[in-house]
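What follows is a structure written as structure tokens; I'll ask about it next.
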Amino acid sequence: WKRFADQLPPRVEFIEEVTKPMCESYIDDLEENLKRTSCEKHLAQLKGMFKMVSTKESPFKNLKIMKADDRKDHRLLSPNECHELYNHASGELRTLILIGYSTGLRLKDSAQLQWINVDMDKRIITIAPAKTIKKKPKPIHIPITANLAQHLSELEKRTRNVLPET
């Protein structure tokens with residue numbers, strides 16, 4: 001509630017004064033700053049609160065969180081675009097792109113990958129993803145593709161991180 005109330009104009013004193021455009025603006029802000037599941041939780045809580053304390057129809061009624069695919073500012077790169085990006089990159093950026101593309105790891109996990117998690121003999125990366133480590137600390141095992149194995153074998157292991165400068 002506090003996050004929503006902080007965004008309201010100062011003239012709004014009572015819950016009945018909240019309008020649908022105010023709610024839409026708040027939802028837009030949530031979608032820009034939070035992940036979809038967090039946005040949905042905020043929306044569900046506010047809908048429930050309005051239902052409990054207000055006599056008028058909730059201004060949150062019929063509002064929905066856009067699916068990530070519906071957002072205009074996000075899109076997946078095609079395989080050709082990924083190859084083009086990789087071909088024009090050099091150094092650690094090239095390594096980062098290849099790790100992400102070959103493993104499906106999120107950017108943070110790719111950038112913070114440590115050599116201790118890379119088993120070149122078995123061609124497996126074993127890592128507990130940063131996004132889920134608190135809820136599900138079980139590590140996942142990702143096969144290392146031939147291209148990634150070749151690339152990693154050419155890198156110097158001078159620090160504990162595969163990408164020492166990130």
Side-chain angles (χ1 to χ4, degrees), residues 1-7 23-49 60 62-166:
W1 167 255
K2 180 165 177 17
R3 185 179 186 141
F4 175 66
D6 288 346
Q7 191 171 335
C23 297
E24 290 169 341
S25 173
Y26 177 69
I27 295 301
D28 289 344
D29 181 63
L30 286 181
E31 289 176 330
E32 286 182 27
N33 296 298
L34 298 176
K35 294 182 178 165
R36 182 176 179 180
T37 52
S38 298
C39 293
E40 288 172 344
K41 287 176 188 176
H42 277 260
L43 182 58
Q45 290 170 346
L46 288 165
K47 281 181 177 179
M49 186 202 60
F60 282 99
N62 298 326
L63 288 183
K64 293 185 170 113
I65 304 300
M66 286 193 334
K67 293 178 183 174
D69 294 343
D70 295 338
R71 295 184 183 162
K72 293 181 177 107
D73 58 337
H74 291 86
R75 76 173 182 82
L76 297 176
L77 295 177
S78 70
N80 285 341
E81 289 172 317
C82 289
H83 290 293
E84 190 75 17
L85 185 63
Y86 175 75
N87 289 335
H88 285 85
S90 62
E92 288 193 355
L93 180 58
R94 187 179 181 105
T95 302
L96 180 63
I97 293 167
L98 186 58
I99 291 170
Y101 184 78
S102 301
T103 65
L105 286 172
R106 289 181 175 87
L107 178 61
K108 181 176 183 177
D109 294 320
S110 296
Q112 295 178 346
L113 184 64
Q114 296 183 354
W115 285 112
I116 196 166
N117 302 110
V118 179
D119 186 333
M120 292 297 286
D121 295 330
K122 294 180 182 174
R123 290 182 53 169
I124 294 282
I125 293 173
T126 303
I127 187 171
K131 182 175 181 179
T132 59
I133 196 165
K134 290 179 185 169
K135 292 181 182 177
K136 195 171 31 171
K138 186 178 177 183
I140 59 172
H141 307 282
I142 304 166
I144 298 174
T145 64
N147 286 344
L148 182 58
Q150 174 66 36
H151 186 85
L152 291 176
S153 68
E154 295 169 0
L155 297 178
E156 291 181 47
K157 296 180 184 177
R158 51 197 163 129
T159 65
R160 67 182 190 165
N161 287 7
V162 175
L163 300 167
E165 299 299 319
T166 58

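Positions are given from 1, in the same order as the sequence printed here. As the structure is a computational prediction, the values presented were derived from the model and not from experiment. Both backbone and side-chain heavy atoms feed into the values below; hydrogens, waters and symmetry mates do not.
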### Message
What I'd like to find out is whether the side chain of Lys108 reaches to under 4.5 Å of the side chain of Pro129, using heavy atoms alone.
### Response
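No - every pair of side-chain heavy atoms lies 4.5 Å or more apart.
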
### Message
If you define the side chain from C-beta out and look only at heavy atoms, does anything of Tyr26 sit under 4.5 Å from Leu46?
### Response
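Yes - at least one pair of side-chain heavy atoms lies under 4.5 Å apart.
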
### Atom pair OG1/CG of Thr95 and Leu152 - distance to nearest 0.5 Å
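So the gap between those two atoms works out to 7.5 Å.
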
### Query
Looking only at heavy atoms, which two atoms of Ala89 and Ile97 are closest? And how far apart?
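Nearest heavy atoms, Ala89 then Ile97: CB-CD1, 3.8 Å.
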
### Query
Stepwise, does the side-chain contact (heavy atoms from CB on, under 4.5 Å) test hold for His88 with Glu84?
CA-CA 6 Å; His88 285 85; Glu84 190 75 17; 2.8 Å; yes

### Query
Can you find a pair of side-chain heavy atoms, one from Lys35 and one from Lys131, that are under 4.5 Å apart?
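Lys35 vs Lys131: side chains touch.
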
### Task
List in chain and number order the residues that pass side-chain hydrogen bond (donor to acceptor under 3.5 Å, both in side chains) with Gln150, two or more places apart in sequence or in another chain; answer none if no residue qualifies.
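side-chain hydrogen bond (donor to acceptor under 3.5 Å, both in side chains) list for Gln150, sorted by chain: Glu154.
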
### Query
Sequence neighbours excluded, which residues qualify as ring pair (Phe, Tyr, Trp, His ring centres under 6.0 Å) partners of His151?
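If we apply the ring pair (Phe, Tyr, Trp, His ring centres under 6.0 Å) test to His151, skipping adjacent residues, there are no hits.
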
### Task
Look up atom CD in Glu31 and atom CD in Glu40, then write down how far apart they are to the nearest 0.5 Å.
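Here the rounded value is 9.5 Å.
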
#### Entry: Intermediate values then yes/no, side-chain contact (heavy atoms from CB on, under 4.5 Å), Asp121 and Asp119
CA-CA 6 Å; Asp121 295 330; Asp119 186 333; 3.5 Å; yes

### Message
Let me confirm one number: the CG-CG distance from Leu113 to Asn161, rounded to the nearest 0.5 Å.
### Response
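If we round to the nearest 0.5 Å, Leu113:CG and Asn161:CG are 8.0 Å apart.
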
### Message
Any heavy-atom pair between the side chains of Leu148 and Ile125 that's under 4.5 Å?
### Response
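Answer yes - side chains close enough.
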
### Query
If every non-hydrogen atom of Pro164 is compared with every non-hydrogen atom of Thr159, which pair is closest and at what distance?
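Closest pair (atom of Pro164, atom of Thr159, distance): CB-OG1, 3.1 Å.
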
### Query
Taking all non-hydrogen atoms of both residues, which atom of Met120 and which atom of Ser153 are closest, and how far apart?
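Shortest heavy-atom contact: CE-N, 3.9 Å.
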
### Query
For Asp109 and Ala130, which heavy atoms make the closest approach, and how far apart are they?
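The answer is OD1-N, 2.9 Å.
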
### Query
CD1/Ile27 to CG/Leu34 distance, rounded to the nearest 0.5 angstrom?
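Reported to 0.5 Å precision, the distance equals 10.0 Å.
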
### Task
Mark yes or no for whether Asn117, through its side chain, and Thr126, through its backbone, hold a donor-acceptor pair below 3.5 Å.
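Flag set: sc Asn117 to bb Thr126 pair under 3.5 Å.
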
### Gap separating the CD1 atom of Ile127 from the NE2 atom of His141, nearest 0.5 angstrom
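If I round to the nearest 0.5 Å, the distance is 11.5 Å.
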
#### Entry: Contact summary for Ile144 and Ala149, nearest pair of heavy atoms
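It is CG2-N, 3.5 Å.
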
### Task
Looking only at non-hydrogen atoms, find the nearest pair between Leu30 and Cys39 and report the distance.
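Scanning both residues completely, I find the closest heavy atoms to be O-SG, 3.3 Å.
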
### Task
Decide yes or no for Leu107 and Leu96: does some side-chain heavy atom of the first lie under 4.5 Å from some side-chain heavy atom of the second?
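Heavy-atom side-chain distance check passes, below 4.5 Å.
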
### Query
Can you tell if the side chain of Trp115 reaches within under 4.5 Å of the side chain of Leu155, non-hydrogen atoms only?
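Sidechains of Leu155 and Trp115: in contact.
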
### Task
To the nearest 0.5 angstrom, please state how far the CD1 atom of Ile140 sits from the CG atom of Leu105.
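These two atoms lie 6.0 Å from each other.
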
### pair Ile116-Arg160: side-chain heavy atoms closer than 4.5 Å
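When only atoms from C-beta onward are counted, Arg160 and Ile116 do not touch, as no gap falls below 4.5 Å.
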
